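I have placed the structure first, in the form of structure tokens, so that the comments after it can refer back to it.
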Protein chains: 2
Amino acid sequence: MPTPRTLRTRARILDAALDLFERQGYSATTVNQIADAAGVTPMTFFRHFPTKDAVLVTDPYDPLIADAVGAQPADLPPLERVRLGLLSALGDITPTEDATARRRVALVAQSPSLRAAVSVGTEATQEAIVERLVADGVDRLDAAIAASACLAATTAALLAWGSAPGDITLAHLVRRALAQLAPAGATS
Amino acid sequence: MPTPRTLRTRARILDAALDLFERQGYSATTVNQIADAAGVTPMTFFRHFPTKDAVLVTDPYDPLIADAVGAQPADLPPLERVRLGLLSALGDITPTEDATARRRVALVAQSPSLRAAVSVGTEATQEAIVERLVADGVDRLDAAIAASACLAATTAALLAWGSAPGDITLAHLVRRALAQLAPAGATS
DNA sequence: GCTTGAAATGTTAGTCACTAACAATCGTGC
DNA sequence: GCACGATTGTTAGTGACTAACATTTCAAGC
């Protein structure tokens, strides 16, 4: 349970960072600049965000995803289980689909090092999916292949959403991405 | 055309780095240690390798891959074109399948920051594939989804190869990875 | 053998992300 | 007003990387 003061400081840092990133680019702005703009010491920045990229990339690991994968029929091939699981976990609800989220995604899509941070953050989700499938007797490599392919497609949709027209919903792009991985002729 | 002296120095740095990485781990060994062990200045290290991770992660971009994708029948869905293209480019030839390559892959598989470097390196290949498909009239997002999914599966196979039994060939694992993305019931 | 000239390396000094240890301050409960 | 914990500041340092300039190596020509 974070203190109100903590939340205020964190919000100030986040605002200052987003502003500077959009004005001069991610790699061109230093943590010192962000701290200055937020009226804070660089040290305080790192107390609220473990790394510079954590301002934009929050680890999206959600145990619900692994659960949703595990809930799919066990007799399906691994890829199809992961695909349907992701679809049921992400294809519907769209958590924080506000303008700020979109600004962040757009920034991430522009920087190679930020995209790398996203792929690191996704590894936790992949790992959780793999463990779930392995527990059901699926070969570990097959599980890793299925999970990484589906998550890569989902990430591609997420990054595209950052610069997509405003009326296009993230859930729509995710469904479109996963539809491409469907067995030939499938309609769902 | 690199000078013989350049090649010798580069090889010394590479040997020293591999040795230290395997003995004390990647993140625990500094560039200074590598330079010392190679009888060289840290500055010289960076003249031969742009970054610390470049010792292990060489950008595998090969224009042949994009060509192979473009050579597949244009009436196939994007995912299938990319899949068959990768299969024809990687499923057969196995360039440098020596013990050193395997040691490097095994090291990469252990470090999150190195895996991130791999994913950055793969982006060039993905970009090339996407451009090829877009030139054929494929939607850019569909192309990105297909390319990233196939490359993620291939990368999963590559990382698994690093710790696989010695008699398992990389080409075999790649074929297995891409087979999982095949339309239901396909045999090739 | 000696010189010349370019390629390769060394030197120095710096920036930036990030960390550890300890001191100062803020704010809430009493 | 006072104590106490949570938050922030200070200082000093490490490690990856860069830029500018000086120095060394080494092969080719005389």
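Bear in mind that the values here come from a model prediction, so they are computed numbers and not experimental data. Residue numbers begin at 1 in each chain, while the letters A, B, ... track the order of the sequences. Excluded from the calculations below are hydrogen atoms, water molecules and symmetry mates; all remaining heavy atoms, backbone and side chain alike, are included.
Atom pair A/F49:CZ and D/dT8:P shows a separation of 12 Å (rounding to whole Å applied). In this structure, the CZ atom of A/F45 is 14 Å from the P atom of D/dG9, given to the nearest Å. Atom-to-atom, CZ of B/R5 to C1' of C/dA7 comes out at 7 Å; the value is rounded to the nearest Å. For B/R47 and D/dT24, the CZ to P distance is 15 Å, given to the nearest whole Å.
B/R140 meets the side-chain hydrogen bond (donor to acceptor under 3.5 Å, both in side chains) test with B/E131; sequence neighbours excluded. With sequence neighbours left out, A/R103 forms a salt bridge (charged side-chain N to carboxylate O under 4.0 Å, His left out) with A/E22. For the salt bridge (charged side-chain N to carboxylate O under 4.0 Å, His left out) test, no residue two or more places apart in sequence or in another chain qualifies with B/R47. In this view, B/D36 satisfies the side-chain hydrogen bond (donor to acceptor under 3.5 Å, both in side chains) rule with no residue, not counting sequence neighbours. Considering only residues two or more places apart in sequence or on other chains, A/E127 meets the salt bridge (charged side-chain N to carboxylate O under 4.0 Å, His left out) condition with none of them. Legend: residues meeting side chain to side chain contact (heavy atoms under 4.5 Å, CB included) with A/L76, ordered by chain and number and at least two apart, are A/P73, A/E80, A/R81, A/L84. Checked against side-chain hydrogen bond (donor to acceptor under 3.5 Å, both in side chains), A/R12 has no partners two or more places apart in sequence or in another chain. Shown here are the salt bridge (charged side-chain N to carboxylate O under 4.0 Å, His left out) partners of B/D142, two or more places apart in sequence or in another chain: A/R176. The side-chain hydrogen bond (donor to acceptor under 3.5 Å, both in side chains) test applied to A/S113 returns A/S111, not counting sequence neighbours.
A donor atom on one side chain and an acceptor atom on the other are not found under 3.5 Å apart for B/N32 and B/T30.
Taking every heavy atom of residues 7-18 of chain B and every atom of DNA chain C, pairs under 4.0 Å involve B/T9, by number. Across residues 109-123 of chain B, not one residue has a non-hydrogen atom less than 4.0 Å from an atom of DNA chain C.
The phosphate of C/dA7 has neither OP1 nor OP2 within less than 4.0 Å of any side-chain N or O from B/T6. In terms of phosphate contacts, A/H48 brings no side-chain nitrogen or oxygen within less than 4.0 Å of OP1 or OP2 of D/dT7.
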Seminar exercise, completed: Reading nucleotides 12-17 of chain C from 5' to 3' and marking B where a protein heavy atom lies under 4.0 Å of the base, S where only the sugar-phosphate is that close, and - otherwise, the string is ----SS

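Salt-bridge formation is detected for the pair A/D19/A/R23: a Lys NZ or Arg NE/NH1/NH2 atom is positioned less than 4.0 Å from an Asp or Glu carboxylate oxygen.
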